[in-house]
Protein chains: 2
Amino acid sequence: MAQITPQLSMRIGELSTRTGVSVRSLRYYEEQGLLASIRSESGQRHYGESAVERVAFIQLLYTAGLSSKTILDVLPCSYAPSEQTSDAAADRMAVERDRLSTHIDDLLRTRDTLDELIKINRAHRATL
Amino acid sequence: MAQITPQLSMRIGELSTRTGVSVRSLRYYEEQGLLASIRSESGQRHYGESAVERVAFIQLLYTAGLSSKTILDVLPCSYAPSEQTSDAAADRMAVERDRLSTHIDDLLRTRDTLDELIKINRAHRATL
DNA sequence: TTTGCCTCTCACATGGATGTCAGCTTTTAG
DNA sequence: CTAAAAGCTGACATCCATGTGAGAGGCAAA
């Protein structure tokens, strides 16, 4: 009989090392329902290979300014698409996509402004 | 003799209304050295027209994820370029510009990923 | 077995912008 | 003149991802 779950040998320290995310944060993700683990008899967390990618994605969404609550709405459907989640998730993703686009526009404007300032600064320095 | 400073009639409430930034935050900006005001005899803050634009810019930088400390490094030189500020500011702006570019790239990647998820979600829903 | 590292839970600390409340003074409108 | 609205300072509260430390148990190599 084949293993249902392939190597669950990874413990939290290794996952931390491989993702660059602190152990503390990984536990926090679990607490928020973003990251599942299988517990050994003694209570230690074990993860499969896929956890690495999942953590990376969580990080990406955090970087994009989503809260853990929002990530929770969006993330599950990418792993376990189901009727239950897909409706709410679709809305949520659309909303976040818009928010993200707006934010990107803001940042682009800010960068342009910064470039202006840099140019002005350079011009000013040239006159010294 | 002409007025050195044109209308300084704006009080904090009006500035708040016109910028959409809370009174609390405007006081905080002042505390951080980002926004100057002229105090009346009784201690009330008064601002010139230019404050509106300045606050908008501060907001823009906050939105871009700069801290007030960093904004302080960058902002003054756009208003009062001087030898003192221009060197540090030039460095700071370059650093922030890079950080901003990286962040923008992250966000673009995230948006792409989100678009992927939305597409997958839609495909999934179509099969119901 | 002993040593050393890893993990566990619980809980408190942090930072940064902003909210909020209290108590008081100033300004403005009726 | 009086009351409402707006300002002032100071201090404490909040959110949220993380850091950090304590105290205890788990696991592998010597």
Engineer: Taking only residues at least two apart or on different chains, which pairs with a member in residues 95-116 of chain B satisfy ring-ring contact (aromatic ring centres under 6.0 Å, His included)?
Structural biologist: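 For residues 95-116 of chain B: none.
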Engineer: Counting N and O atoms only, with roles assigned by atom type, does the side chain of B:Arg92 sit under 3.5 Å from a partner on the main chain of B:Ile71, one being a donor and the other an acceptor?
Structural biologist: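 No; zero donor-acceptor contacts below 3.5 Å.
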Engineer: Output the single nucleotide from C:dT18, D:dG7, C:dA17 whose closest atom is nearest the side chain of B:Ser68.
Structural biologist: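 The answer is C:dA17, which lies nearest to the side chain.
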Engineer: Please state how far atom CE in A:Met10 lies from atom P in D:dC27, giving the value in whole angstrom units.
Structural biologist: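 Rounded to the whole Å, the gap is 18 Å.
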Engineer: Do the side-chain N or O atoms of B:Ser22 get closer than 4.0 angstrom to the phosphate oxygens (OP1, OP2) of C:dG19?
Structural biologist: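 B:Ser22 to C:dG19 OP1/OP2: side-chain N or O found under 4.0 Å.
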Engineer: Would you say D:dT18 has OP1 or OP2 under 4.0 Å from some side-chain N or O of A:Tyr29?
Structural biologist: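 So the side-chain polar atoms of A:Tyr29 do come within 4.0 Å of the phosphate oxygens OP1 or OP2 of D:dT18, strictly under.
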Engineer: About how many Å separate CG of A:Leu60 and OG1 of B:Thr110, when rounded to the nearest 0.5 Å?
Structural biologist: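 The distance works out to 3.5 Å.
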Engineer: Counting just side-chain N and O atoms, does A:Ser67 come under 4.0 Å of either OP1 or OP2 of D:dC15?
Structural biologist: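 No, outside the criterion.
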Engineer: So, using side-chain hydrogen bond (donor to acceptor under 3.5 Å, both in side chains) as the criterion, who are the partners of A:Arg122 when residues are at least two apart?
Structural biologist: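 Expected list: none.
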Engineer: Run the side chain to side chain contact (heavy atoms under 4.5 Å, CB included) test against B:Ser25 and tell me which residues pass, sequence neighbours left out.
Structural biologist: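 Checked B:Ser25 against side chain to side chain contact (heavy atoms under 4.5 Å, CB included); matches are B:Val21, B:Ser22, B:Tyr29.
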Engineer: Would you kindly give the CZ-to-C1' distance between B:Arg39 and D:dG7, to the nearest whole Å?
Structural biologist: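 To the nearest whole Å, that distance equals 10 Å.
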Engineer: If the cut-off is 4.0 Å, is A:Arg45 near the phosphate of C:dT7, judged by side-chain N/O to OP1 or OP2?
Structural biologist: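 Checking A:Arg45 against C:dT7: no side-chain N or O falls below 4.0 Å of OP1 or OP2.
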Engineer: Could you state the atom-to-atom distance from CG of A:Leu26 to P of C:dC6 in whole Å?
Structural biologist: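 It works out to 15 Å between those atoms.
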Engineer: May I ask you to say what A:Gln32 touches in the nucleic acid, namely base, sugar-phosphate or nothing, with a heavy-atom cut-off under 4.0 Å?
Structural biologist: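 Touches nothing.
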Engineer: B:His46 has an atom NE2; how far is it from atom C1' of D:dC8, in whole Å?
Structural biologist: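 Rounded to whole Å, this separation is 12 Å.
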Engineer: Between C:dA17 and B:Ser25, is there an OP1 or OP2 to side-chain N/O distance shorter than 4.0 Å?
Structural biologist: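 The answer is no; no side-chain N or O of B:Ser25 sits under 4.0 Å from OP1 or OP2.
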Engineer: Report the distance from atom CD of A:Glu31 to atom P of D:dT18, rounded to the nearest whole Å.
Structural biologist: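 Those two atoms, CD and P, are 12 Å apart.
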Engineer: At under 4.0 Å between heavy atoms, how does the protein contact nucleotides 20-30 of chain C? Give one character per nucleotide, 5' to 3', with B, S or -.
Structural biologist: B-----SSS--
Engineer: Can you name the side chain to side chain contact (heavy atoms under 4.5 Å, CB included) partners of A:Glu30, sequence neighbours left out?
Structural biologist: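 Residues passing side chain to side chain contact (heavy atoms under 4.5 Å, CB included) with A:Glu30: A:Ser37, A:Arg39, A:Arg45, A:Tyr47.
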Engineer: Could you work out, with side chain to side chain contact (heavy atoms under 4.5 Å, CB included) as the rule, every residue matching A:Val23, not counting sequence neighbours?
Structural biologist: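 With neighbours one apart ignored, the set is A:Ile12, A:Ser16, A:Arg27.
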Engineer: Could you give the CG-to-C1' distance, from B:Leu35 to C:dT18, as a whole number of Å?
Structural biologist: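 Going from B:Leu35 (CG) to C:dT18 (C1'), I get 16 Å.
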